[in-house]
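Reading through the structure tokens given below for one structure.
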Amino acid sequence: MSNIAVLVSGRGSNLQAIIDSIENGYLKSRITVVISDVGNAYALERAKKHGIDAVFINPGNFASKELYEKEVLKVLKKHGSELVLLAGYMRILGKTLLEAFRDRMLNIHPALLPAFPGLHAQKQAFDHGVKVAGCTVHFVDETLDCGPIILQRCVEVKEDDTSETLADRILEQEHKIYPEAVKLFVENRLRIEGRKVRIIES
Ligand code: GRF
């Protein structure tokens, strides 16, 4: 049983997918805390509805990223966090959290990385005219959205797509691969070998 912490900033649909996967028995883990850097993030409500500790830490109350992250780390430690999931967390990670959770922090990104890192990835891909879009779960490191890739899923772009309809279909796949990647992690089936992540057969 792994203790998972989820960092969020917004609506929390990926958080919900993880909660659902735990509640339906797919994931043998528990979420011990959800931390948001945005006070009115709907993700906090979702956590509370499921009896999960939901904590707002206001970055504005701290003089530096380091001090803010030290507070986040304190809360993570207090909740015995073993794995940290970024789920729509809109901050670039600093040294404090990266070092404390090296190889134990995952992120979901709505593009087939390394294409289209950063913000509005679905729109970047759509505007670029890709025929295949998708999403990626990866380990978090110092790079922006470029840590070792765990899982990816493709989504075909249709002739009548808009960037919004495409984003909706990508999101459906995000909700599948994030729990799958977390399951691989908690079952200790991931091996980071340089840039590559080897998945051990069960
Ligand atoms: C998702 O598209 C995720 O890939 C990206 O931010 C969005 C968060 O959505 N990192 P939600 O808050 O999980 O609904």
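In listed order, ligands and their atoms are each counted from 1. Count residues from 1 along the sequence. Every value quoted in this text rests on a predicted model; they were computed, and no experiment measured them.
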Can you pull out the closest protein heavy atom to [atom]? Residue, atom name and distance to 0.1 Å, please.
atom	answer
atom 4 (O) of ligand 1	Glu174 OE1, 2.7 Å
atom 6 (O) of ligand 1	Gly88 CA, 3.6 Å
atom 10 (N) of ligand 1	Ile108 O, 2.9 Å

Which residue, Ile4, Val34, Ile22, forms the side-chain contact (heavy atoms from CB on, under 4.5 Å) with Ile52?
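With Ile52 as partner, Ile4, Val34, Ile22 yield a single side-chain contact (heavy atoms from CB on, under 4.5 Å), made by Val34.
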How long is the span from the CZ atom in Phe185 to the CG atom in Asp103, to the nearest 0.5 Å?
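Reported to 0.5 Å precision, the distance equals 8.0 Å.
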Is there any N or O on [X] that sits under 3.5 Å from an N or O of ligand 1?
X	answer
Leu15	no
Gly12	yes
Arg11	yes

Only heavy atoms of Pro110, strictly under 4.0 Å: list the atoms of ligand 1 that pass.
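By the 4.0 Å cutoff, the relevant atoms are 2 (O), 4 (O), 5 (C).
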Would you give me the side-chain donor-acceptor pairs under 3.5 Å for residues 192-199, sequence neighbours excluded?
{"residue": "Glu193", "atom": "OE1", "partner": "Arg198", "partner atom": "NE", "Å": "3.3"}
{"residue": "Glu193", "atom": "OE2", "partner": "Arg198", "partner atom": "NE", "Å": "2.7"}
{"residue": "Glu193", "atom": "OE2", "partner": "Arg198", "partner atom": "NH2", "Å": "2.9"}
{"residue": "Arg195", "atom": "NH1", "partner": "Cys146", "partner atom": "O", "Å": "2.9"}
{"residue": "Arg195", "atom": "NH2", "partner": "Cys146", "partner atom": "O", "Å": "3.0"}
{"residue": "Arg195", "atom": "NH2", "partner": "Gly147", "partner atom": "O", "Å": "3.3"}

Decide, yes or no, whether a salt bridge links [X] with [Y] under the criterion of side-chain N to carboxylate O below 4.0 Å.
X	Y	value
Arg11	Glu45	no
Asp141	Arg102	no
Arg153	Glu172	no

